[in-house]
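A quick write-up on the structure given underneath.
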Amino acid sequence: QESVEVLHWWTSGGEAAALNVLKENLQKQGIGWQDMPVAGGSGVQAMTALRARVTSGDPPTAVQMLGFDIKDWAEMGVVGNLNDLATEQGWDKVIPAALQEFSKFDGDWIAAPVNVHSTNWLWLNKAALDKAGGEPPKNMDELFALLDKFKEQGITPLAHGGQPWQDGTLWESVVLSVGGMDFYKKAVIEADAEALSSDTMRQVFDNMSKLREYFDPNFSGRDWNLSTALVIEGQAGAQQMGDWSKGEWLRAEKKPGEDFVCIRFPGTQGSVLFNSDQFVMFDVGEDKRNAQLKMAAAVEDPAFQIAFNTVKGSVPARTDVPDTEFDDCGKKGMKDLAEAAASGNLAGSLAHGHAQPSSVKEAVFDVVTQHLNGQITTDQALERLPQAVAAAQ
Amino acid sequence: MSFLRISNLYKKIGNNEVLKDINVEMEKGDFLVLVGPSGCGKSTLLNAIAGLMPPTSGEIVLDGQVINDLHPSKRDIAMVFQSYALYPNMTVEENIGFALEMRGVGKAERAEAVKNVAGTLQIEHLLNRRPSQLSGGQRQRVAMGRALVRQPRVFLFDEPLSNLDAKLRVEMRAEIKSLHHNTDATIIYVTHDQIEAMTLATKIVVLKDGGIQQVGTPSKIYNRPANLFVADFMGSPAMNMLKGRTVADHGVRQIALFGGKVNVAMPSSVTTDVPDGREVILGLRPEGITDEGMVDPTAHAIAKVEADVSLVEPTGSDTFVTARLAGETFTGRVRADVAIAPKQRFTFVFNLDKAVVFDPSTTQRLA
Amino acid sequence: MSFLRISNLYKKIGNNEVLKDINVEMEKGDFLVLVGPSGCGKSTLLNAIAGLMPPTSGEIVLDGQVINDLHPSKRDIAMVFQSYALYPNMTVEENIGFALEMRGVGKAERAEAVKNVAGTLQIEHLLNRRPSQLSGGQRQRVAMGRALVRQPRVFLFDEPLSNLDAKLRVEMRAEIKSLHHNTDATIIYVTHDQIEAMTLATKIVVLKDGGIQQVGTPSKIYNRPANLFVADFMGSPAMNMLKGRTVADHGVRQIALFGGKVNVAMPSSVTTDVPDGREVILGLRPEGITDEGMVDPTAHAIAKVEADVSLVEPTGSDTFVTARLAGETFTGRVRADVAIAPKQRFTFVFNLDKAVVFDPSTTQRLA
Amino acid sequence: MTTIEPVPYVTPERPRRRLAERLGAALPKIVLAPSFAISLIFVYGFILWTVYLSFTRSRILPVYDLVGFDAYYRLWSQPNWYMAIKNLAIFGVLYISLCIAIGLFIAILMDQRIRAEGVLRPIFLYPMALSFVVTGTAWKWFLNPGLGLEKTMHNLGWESFKFDWLINTDMAIYTIVIAGVWQASGFIMAMFLAGLRGIDGGIIKAAQIDGAPTLAIYRRIIIPMLRPVFLSAVIVLAHMAIKSYDLVIALTGGGPGNATELPSTFMYSYTFTRSQMAVGSASAVMMLMGITAIIVPYLYSELREKRT
Amino acid sequence: MSAASDSVSAGSARTARIVIYTLLVILAAVYLLPLYVMLTTSFKSLAEIRGGDMLALPRDPSWAAWTKVWGDACIGVTCEGIKGYFWNSIKMVVPAVAISTVLGALNGYVLTKWRFPGHKIVFGLMLFACFIPFQAVLIPMARVLGIFGLANSTSGLVFVHVVYGLGFTTLFFRNYYEAFPDELIKAAMIDGAGFFKIFWRILLPSSGPIIVVTVIYQFTNIWNDFLFGVSFSSGSESPMTVALNNLVSSSTGVKEYNVDMAAAVFAALPTLFVYIVAGRYFVRGLMAGAVKG
Ligand SMILES: Nc1ncnc2c1ncn2[C@@H]1O[C@H](COP(=O)(O)OP(=O)(O)OP(=O)(O)O)[C@@H](O)[C@H]1O
Ligand SMILES: Nc1ncnc2c1ncn2[C@@H]1O[C@H](COP(=O)(O)OP(=O)(O)OP(=O)(O)O)[C@@H](O)[C@H]1O
Ligand SMILES: [Mg+2]
Ligand SMILES: [Mg+2]
């Protein structure tokens, strides 16, 4: 029997259930599904396993991957080619260019994008927000004012989990908020040394230090979903997190707009920082090629895109999918994405591997995390940031 | 009142009654030797005295004080262990000096004392070595030194010379003897070696299966053993045990040996009356059976016995001859230069002055 | 041609020359005893013969075949190890039967053979125990059994009786002797025990520091030791060594002892001419020095010596008396019942028939 | 009468060794060979390979063009690397010394003829049986101020109790030490207990006879005699300290910040997550050099000709 | 031998014993705490975990988490619990432990009883294998496994664990056999036994204690290994630890701590069992071999 082997780190209930849609779809076509889940640290272990598989000359059929990792692997010449399928199904037209940037290598389709996540969201507990005036903040100052009110309520103002990638996610939103999209592109996407040590960047770090004051003492090393739970239960007022956070709310049977509010991170309205999960198709033998292509087709099947993304909180990678099945936040996300793509305010997320290769990403995390934890001062951070980025390139 | 008194001592290890009703008294200056087969409880008794294994019941009184509950380190007893028990991490000097150090003796004084003892034991040149660098005999001497450096109330020696070669053993034996003479030390000494037991002891205790068989002076133990066990155990080659039956020949009490082939006079060690026709065992040590040229001129009662030689074992100084007569085997000691060979017929002389008689049913000696 | 020939054997371990130029020949049926101080290389020599330690140079020929390169398992030699070397995981029965099993002997036959040997060694009741459940003496007998169950070309025994008590030792000695008599086995035997060496051997080899000192029959070794070392090593208590000087009294060759206080006849063991005024050492074993009542009636040359008694050691069978005269000490063996005490003056009788004379410069015996 | 010529004594010819016999003689080496070959390839071959990679510009996967010391230059310009080394020093010293101190202490307590030894021994040993993937979560909870010890103490009414090491950048490395000691000290206890049990009881008796009080017996006799155990314990712990990876990942993930970075986590993240394989290899080479510096003297002392 | 052995105790000894027992009980409590937390948590409901005291006993103990772990927790797209992975681990651990132990025993035997020139260097080189960081060998090992056709298979994992376990097993057995009397080997030779016969009949039957130590050590290490497991196996072939990781460290979704803890305890059951059952022999084995001067 033909089958596909899929390496991914969507192991938990909802995601796995969504993947099951894909699996069943394939099974109907007579394609078996060999599951290869490797959970942990947004795919860290999975990438290690993948290296071992590729080195041993036996790569899996498809691998869940993010942004620049895709490029790195493509460069190694170990990925397959989906051009025929993509032409047949007209992917070029329905998939945003920003995603194609990663799905294609040297003009060839190598990956099938699943979804688009956006990271610059702020999640608010509706009850707490109402108590604090009910007005969602629109810039950093309003945010601080709101957080102060939360503090007065005796709850943790900002729920944050102290892991490098979470620190990075918060940081990139602050960069976008303080500097705007142009600055973000210059500093983060282009890694311009001047921008990285500019006064704007100083403001970013100052704001980070300020935000730090609103964390609870237990934030270190906390998983993001635990922080979300704090907001859900009303022990905290807000959390900055990507749209996957919604899954937690939904699972807790909370309704968007009624129990919680999703807004763009204050000051980043109209801009979208995205990341996109894609299934990279590896260069497997001819005997597995047919199944691989069928899987790629199934991934881009609108039914799967809807089924998966409604659960995951993300928006479909295809722009031609109707939003009727999505909730308020989902609809807003799809609308924002379309607008941002049109206006050029769409950029890849650094924290999720869509702005820089992982070496640079981690180097930025080093500085951000150490700064946030008070190991280095703002001056040191400004000095180190360009150095670390340069060293990692 | 005696210096060391052990009364009604019992020791059980698990279900094993290792010591049974031990009663021993010692005066100050006594040299008591414990002998007995392997596993009879000798080491256990020393351990009990030292306080290393509390007795199950009974009392140990030292110098008028019951010491049953006194910690070993407070008893002021020195002990040489069968297994040496040297401190492997210390040099010979430190090993010997440790007990003094624990008693707060100053460094210079300690060094002096250690040097003296080491001299006596001929291990002066080894003072800086560690136990692992010594041969078995050297280790044993260090173990001795550890005891000798002190002036304890009681010395306990557990087979202290067993690993020395014959020559050194003789020298060390002499050292212990002079230690005892010169310091009037009170000593309890365990040994397997009959010569050691005989030459050192003022008193010998024979143990068997945890019980005392006989207590007495060396010559009493050797010449007047209380029972068959003691008689058989002390002496090498062992005492000859000949089956006999009492007869009266014209009113003279005699013992018929070898199924009646030989009649010998009742030994003088038997002073009580023994009825006629009674079965007895006549014990006679090999040195009581000699060749005709070697007879003790002072012997009162002798008997000549002709028998078939079955084994001749020249030891250099003497020759042991084993012979058979009427189904019984006996061993005699003849001069080294007597010409004698197996299968030959030979005339032995029995010196009955040295014979003892046992009751086969009770195994006790008839007195 | 001899059955076993060892020629020019050398063995170096590290930088240590453990065996030096060993030359030994044995006939079939010989009983060769190796003696020597601890560490002199006895076990090493046995190991070389067994093939367990290849010699550095030299040749070992067994039954006409050079066996230097033959694997130990193919030499058909049985060995009893000093340390028993029992297989801890096997029962006594399996231990004894192992060699037969390795030779493919059937089960029933093996059981039979093991039973016979166990009977001889008095360990029949222990057949199902493991070595850890045995006492030292029992273990040693199992080790013997492992060798005795086979009919090898050569038996090697490395101190096989050292851990037995005196009684058992005598019995086992007799067993080995009868094994040798009955089967005409070729045996090499290491021991520290003089009595064992003297009674068992047809030939004794005395080793010292890896070199052979003397080879000879037991009586030759004991009575005609080749040099001071052999004389001193064999016998306990050791031979008395008295400084002397040759003098001629009216043409009769004599030796002046004790600084001239006593003149004795030149022992008959010296047959060559010794110039006058030469320094010599007169060796006389303790049994050659007795009390007047104990003098060997067949002795030719005797001398009476009065000396001060310094130590009296009764051993039961005899009494050893140490005495001093003119700064020299000697030990004699007197009857057990002689009344004698330290500090007393006593008349000893020297039996010069048994004396030997050594050259103090070469340490060799004068013949 | 004719004289018979004496038969010349012929040295019997040494039998030529047959093939089977030579095979027999080589058997031990043949048995050892596969294991040795495996070590050569899979340890030393791979070490050489790693050394080689450290001189390339390998990033996500190995590439084999040599670029000199670039990776080492990058390595030694990383603040993370210095942090990792500094942390290893703190962690290594504390971990080894605490494990030994606690292990020895418990072993001595356990050696006092404890009735319940059969129950207690597995309690102290079991942490070694669990992987940190398993216990990491429990420890994280336990040390977390909002959930664990601190909260429990607050619940019990000790309001001023404060224990926030897990999230304190200066103290976080010590939480790694605590968990590490918890895991390994039982094992070390077992080693010491075995050592104590191996001491000849006669020696202790002798010391009592010599008049030494219990404390002096431990100080002067027993502990010095455990020297070999100390040595083995240090080696075991040193290699665990150097290899500690699960421990850090499960407990702090290297944070807060890079406060608990260790060479092993550094190496893993640079090789596998940061796609800087050359730098990761360079750090592996540095680690191997460090290990060699510790192990070689040990091996030397272990394999040196034993004095007799 | 115990220092306190048999010594006569005076009155103060009683207080000393009370102190000793108190100390031991406190220490034991500290060591047990994580296990206690894991166990009690696994019997609590999620709400109770979130709100309550971690040290409190479960208010309403339930086996739900346990049955879920065993039978229906989701790992990836399959929701059949971890029982399948449990057997995967067993299939990997048993041969890996057996092979590495047997090889280690043979190596130890050769290195102590059949010495040849250079045996120390050979041993030293093999021993160093214990100290190589596993992260450094992942990539080349993957390549080698691919070449051998062992990639992504249980046999491949067994091979890897054997390779990197050999150093330890050889070390353990070498130290043990070093103290094993040479005379026994000599005696067996004299009795006519050859190389394997001696090993099989004489050494191996006496190796009980060290076999226990080696097996425990190897069992624990291999059972708990994650790195090799995640790199050299996949999907339904994965060992327990990989499944456990997938279960507890999923990137999104609710953290079911009770299930995680049940899974964790579950995963540790075999090793715990081994330690508890063989703990006594473990100390004995360490005494006999692994700890030595
Ligand atoms: N811990 C123990 N458990 C059980 N039995 C023991 C123990 N220790 C000693 N024994 C037994 O107690 C008896 C006496 O032992 P002890 O060591 O006192 O003998 P011994 O007379 O000194 O023997 P040896 O002459 O061989 O030294 C022996 O039968 C021995 O088996
Ligand atoms: N492996 C070794 N390395 C160095 N020297 C050794 C070794 N084995 C033995 N020797 C030395 O070789 C010499 C002879 O040893 P051997 O065991 O043959 O003595 P022995 O005569 O049997 O002594 P004993 O009567 O004490 O058994 C000793 O001095 C010993 O120290
Ligand atoms: Mg004893
Ligand atoms: Mg020897």
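Here is the naming used below: chain letters follow the sequence lines, and residue numbers restart at 1 for every chain. Since this is a predicted model, take the numbers as computed values, not measurements.
- Counting only heavy atoms from C-beta outward, the side chains of B:S73 and D:T214 never approach each other to under 4.5 Å.
- Residue contact with chain D, scored on non-hydrogen atoms closer than 4.5 Å, involves the side chain of B:N47 exclusively.
- At a 4.5 Å heavy-atom cutoff, D:R227 makes no contact with chain B through either its backbone or its side chain.
- Once rounded to the nearest 0.5 Å, the distance linking CE of B:M79 with CD of D:Q208 reads 11.0 Å.
- From B:N95, atom CG reaches atom CD1 of D:I221 across 7.5 Å, with rounding to the nearest 0.5 Å.
- Proximity of D:I209 to B:F81: side-chain heavy atoms (C-beta onward) are separated by under 4.5 Å at one or more points.
- Counting non-hydrogen atoms of neighbouring residues, nucleotides and ligands closer than 6.0 angstrom, the CD atom of B:Q151 reaches no more than 12 such neighbours.
- Scored by the ring-ring contact (aromatic ring centres under 6.0 Å, His included) test, B:H192 finds no partners at all (sequence neighbours excluded).
- Residues of residues 96-114 of chain B lying within less than 4.5 angstrom of chain D, judged on heavy atoms, are B:F98, B:A99, B:E101, B:M102, B:R103 in numerical order.
- Here the shortest heavy-atom pairing between D:A206 and B:A85 reads CB-O, 3.8 Å.
- In this view, B:R173 and C:E313 satisfy the salt bridge (Lys or Arg N to Asp or Glu O under 4.0 Å) rule, not counting sequence neighbours.
- Interface remark: B:L156 contributes no atoms to any contact with chain D (heavy atom separation under 4.5 Å).
- Here the CD1 atom belonging to D:I217 is positioned 7.5 Å from the OH atom belonging to B:Y87, to the nearest 0.5 angstrom.
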Considering only distance and modelled atom types, tabulate donor-acceptor pairs under 3.5 Å from the side chains of residues 124-131 of chain B, sequence neighbours left out.
{"from": "B:R129", "atom 1": "NH1", "to": "B:Q133", "atom 2": "O", "distance (Å)": "3.1"}
{"from": "B:R130", "atom 1": "NH1", "to": "B:N89", "atom 2": "O", "distance (Å)": "2.4"}

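- When the shell of 6.0 Å around NZ of B:K115 is examined, it contains 12 or fewer heavy atoms from other residues, nucleotides or ligands.
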